[in-house]
Amino acid sequence: MTPSSVARILRKLSRENAFYFFTSIGNYIGENAVSLEEFAKKIGEVNTKSLEFHFYRGDFEKWVAEVLEDGELAEEIKRLKNLKPVRDALRSQLHLIVSKRFERLRKEFLG
Amino acid sequence: MTPSSVARILRKLSRENAFYFFTSIGNYIGENAVSLEEFAKKIGEVNTKSLEFHFYRGDFEKWVAEVLEDGELAEEIKRLKNLKPVRDALRSQLHLIVSKRFERLRKEFLG
Amino acid sequence: MKLKKQAVSLDSLDWKILQALQENSKQTYTEIGRRFGVAHSTVYDRIKKMEENDVIKKYTTVVDLEKVGVKNITAIMTVFTDPKESENVAKRLSEASEVLEVSTSLSEELSIIAKVVAKDQDKLHSFIALGVAPLPGVLRIRTSIITRKYKEKELLIKRK
Amino acid sequence: MKLKKQAVSLDSLDWKILQALQENSKQTYTEIGRRFGVAHSTVYDRIKKMEENDVIKKYTTVVDLEKVGVKNITAIMTVFTDPKESENVAKRLSEASEVLEVSTSLSEELSIIAKVVAKDQDKLHSFIALGVAPLPGVLRIRTSIITRKYKEKELLIKRK
């Protein structure tokens, strides 16, 4: 990956582009993520109902692909669906994937 | 007091005549009392915000006077206002007045 | 026997006429016809048909009650009920003149949402305490009093 | 300069006319006059006056959109905001065509209540996730989707 595309994935987003956590249609819990780093952190914190809602709607992979522009991470999240994880299993696996990716990119960025 | 007026105060009320506990205008907490006995019990249980709301609106004394038809207890509740009790002080004093009254009437009723 | 609801199909002229009538129900057939380049008799026929099959429910007038000194308060009441009693509670609420709108709704929980008007906060509370809380199956009630209206309109008909 | 709102005073004939127009805005001056035993010119004068001082806001038509196959979903959205941003959020919501009604309200907490329509649940969610949650000052949103309407009417004018 080029340094500039890594920097792009790690950037801080505008309010409009943040990820907003809901628990069901129209029910926003007040938590959002404005960067990949914060996204990883919030996955560890928000309730699992919210994680299940977005995961099975495909919201996470869509946001990661279209807003963060990290196609690789989007693919990994999508593949996780095959395991059909729920509740804490979903949280830990999603958290692992996203935080690992963040750490790798950060190291790459710092050189 | 005549036995029949004691019995009347101690009777079980219809749903329409029960006391419904609110915390503010239009906010019903789901607790109600269908008798003096239950009224005493619920005063010990519902949150003090609800007690303050009804106490200072005069709802308790009104219900006791008009529905239970216990003028004496209504007067006692009304007099308590002079002390301007709030929170747990309100709960304990109100609870004392109402449960004492209930015990006295019950003894009178059982003879 | 309950009649099955079947969608009435409207053509683009019908939609235009409906939109015109929603904007101003007092326009004449001639005015509407001129606007869309058709004869007033055509407009008349289309409207009659839409009245007959109840696409047009009512011609009414929107009045500014505040301007004439009617100062009601409006509140949105959410009633949580035993699911078995939900329909009965909704029906009972619908009968009350204080209640303008009643719907059942689904969020994380089932509930009934109703718009209520009253002369003042005391009247509002009395209605809810004496008329709603005692209904069989009512579990809890949450009420929000409207402090300011920013927008209030019906769904505008868009031309198809 | 903002004009001070002053209540317009209506007499009992004005109220009767308003009530008649709310029932059916297409009644003629003659029909209304006959009903209340006054000349059609009197009815005309009264109505013109109430139109001029905006007591009468609009003549409109109530349409049964379901009958014509328009199957929107309606939701009641409660938006909790930073109190300082409440007015801005209410104004921004009012600008959206998906939003029919917006009010600020007071219960145990301050909030904004809005009625929203959308083609389906996905469109509803997108509107809220992309258009409402990101507004500055929005803290939480609670949405209830209407599953069935039991009653829906405007406040009926009562004769004074």
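Since we're looking at a predicted model, the values are computed, not measured. Each chain gets a letter, A, B and so on, in the order its sequence line appears, and its residues count up from 1.
Atom CG of D/L10 is separated from atom NZ of D/K49 by 9.0 Å, given to the nearest 0.5 angstrom.
A salt bridge does not link C/E109 to C/R142: none of the charged side-chain nitrogens sits closer than 4.0 Å to a carboxylate oxygen. Remark: D/K57 does not engage C/E152 in a salt bridge, criterion side-chain N to carboxylate O under 4.0 Å. With salt bridges taken as basic N to acidic carboxylate O contacts below 4.0 Å, one links D/E51 and D/K48.
Using a 4.5 Å cut-off between heavy atoms, D/I146 touches chain C through backbone and side chain atoms alike. The parts of D/L106 that come within reach of chain C are both its backbone and its side chain, each placing non-hydrogen atoms under 4.5 angstrom from that chain. Within the 4.5 angstrom heavy-atom criterion, only backbone atoms of D/T143 (N, CA, C, O) approach chain C. Both the backbone and the side chain of C/V55 come within less than 4.5 Å of a heavy atom of chain D. Using a 4.5 Å cut-off between heavy atoms, D/A96 contacts chain C through its backbone alone, with no side-chain atom that close. For C/K71, no part lies near chain D; criterion is any non-hydrogen pair under 4.5 Å. Of the atoms belonging to D/E87, heavy atoms from both backbone and side chain fall under 4.5 Å from chain C. Using a 4.5 Å cut-off between heavy atoms, D/D14 makes no contact with chain C at all. For C/I76, the part lying under 4.5 angstrom from a heavy atom of chain D is the side chain only.
For chain C, the option among D/S25, D/A90, D/A75 with the highest count of heavy-atom pairs below 4.5 Å is D/S25. In terms of heavy-atom pairs under 4.5 Å with chain C, the best-connected choice from D/I113, D/V117, D/T74 is D/I113.
With hydrogens and angles disregarded, a donor-acceptor distance shorter than 3.5 Å links the side chain of C/T60 to the backbone of D/Q22. D/Q27 contributes a side-chain N or O that, together with a main-chain N or O of D/A20, makes up a donor-acceptor pair within less than 3.5 Å.
Within 6.0 Å of CZ in D/R46 there are more than 12 heavy atoms belonging to other residues, nucleotides or ligands. A 6.0 Å sphere centred on OH of D/Y44 holds no more than 12 heavy atoms belonging to other residues, nucleotides or ligands.
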